[in-house]
Each structure stands twice: as structure tokens, then as C-alpha cells.
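Some notes on the structure that comes next.
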Amino acid sequence: MILAQSGDAIIGKYHLPNQLDVEIFRSDGKYFGKIIGLEGFNEGQKIDSYNPDESKQEEQLLGKIIIKDLEYDQAKNQWVDGSMYGPEKCLIFNLKIAELGETEIKVVASKYLFWKTLSWKKL
């Protein structure tokens, strides 16, 4: 585990287990992530076709912001209180980045009483 010097240590590009590539950036003191690569994602899905809002079903996924409002908690050395949109099932999860490593980060996604820890590889 790397101890972050600041919240900005999380800024970068990551490959997710669902085959999305995401870039995390800072805006107004919070951290966000947008899709920068779709190769191999959900059998070629390129638009937000599962969105229940029909007006958004034709929106391109490339460039879409799917991580919102992460805040760096220096006392815990974690990024907390964020959310993440999963376009393959059109679900919004609570998001926390629990650990920052040399080649990957450990992410905890939760919805109601269920949670899952995932590894995202740094690009």
C-alpha cells in the first residue's frame, strides 16, 4: 500500500474488471471519472442502451462521467462518499477507494447491504 501525500495521488487512468478504461480527475476539490476506453466492454456496448431514461439510451458511453463526488479523507487515507454508474446494468453504487498501490487500486462498491471489493489496474 502507498500512503497518499494528497488526494491527487488517485488521479490517473485505470482498467476496470468489466473492461472499461476510466480516467480519474479532480474538479472543485472532488474526484470524478470518465470512460476513456470501451474495448471488450459488455459485448461491444457503446451507448447507454440500458438506461431507464429513454432520452439517454442513445448517449455515447465514451466520455461519459461515471464516477462522481469522491472526497479524500486524509485521516483514513481513503477516497470516500462517491458514487459510480454501471452502464451494463444501469445501477448506481456507493464508491470508496480503500487502497492505492503501485500497479492497482482497491475499490469498494456497495448497494444497500451488499458490497464488493475490486482491483482496478493502473494504465
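Since this is a predicted model, take the numbers as computed values, not measurements.
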So OG of S119 and CD of E99: to nearest 0.5 Å the spacing works out to 8.5 Å
Distance col, row I105:CD1 vs L100:CG, nearest 0.5 angstrom, shows 7.0 Å
Heavy atoms only: give me the nearest [X]-[Y] pair and the separation to one decimal.
X	Y	value
S6	W79	O-CZ2, 4.2 Å
S55	D53	OG-OD1, 2.6 Å
A9	Y14	O-OH, 4.4 Å

Which label fits F32 and F25: parallel for a plane angle under 30°, tilted from 30 to 60°, or perpendicular past 60°? parallel
Would you mind listing the cluster partners of [X]? Hydrophobic ones only (ILVMFWY), side-chain contacts under 4.5 Å, chaining allowed.
X	answer
Y50	none
V80	none
Y112	none
V108	W115

Sequence-distant partners of [X], side chain to side chain donor-acceptor pair (under 3.5 Å), two or more places apart:
X	result
D28	none
S49	none
T103	none

Exercise for the section: Please indicate whether K111 has more than 12 foreign heavy atoms, meaning atoms of other residues, nucleotides or ligands, lying under 6.0 Å from its NZ. Expected result: yes
If two hydrophobic side chains count as joined below 4.5 Å and joins carry through other members, does [X] share a cluster with [Y]?
X	Y	value
I97	I36	no
L38	I47	no
L91	L95	no

Only pairs at least two apart or in different chains count here, so list each salt bridge (Lys or Arg N to Asp or Glu O under 4.0 Å) that has a residue in [range].
range	answer
residues 32-42	none
residues 75-90	none
residues 10-27	D8-R26
residues 112-121	E104-K121

Given the options D69, I67, L70, Y31 meets side chain to side chain contact (heavy atoms under 4.5 Å, CB included) only with L70
Quiz: residues 57-66 side-chain donor-acceptor pairs under 3.5 angstrom, not counting sequence neighbours:
from: Q57; atom 1: NE2; to: N51; atom 2: O; distance (Å): 2.6
from: E59; atom 1: OE1; to: K64; atom 2: NZ; distance (Å): 3.0
from: K64; atom 1: NZ; to: D48; atom 2: OD2; distance (Å): 3.3

Go through it in stages, so that I can follow the logic: the residues are L118 and L16, the test is side chain to side chain contact (heavy atoms under 4.5 Å, CB included), and I'd like the CA-CA distance, side-chain angles, deciding distance and then a yes or no.
CA-CA 8 Å; L118 302 167; L16 283 53; over 6 Å; no
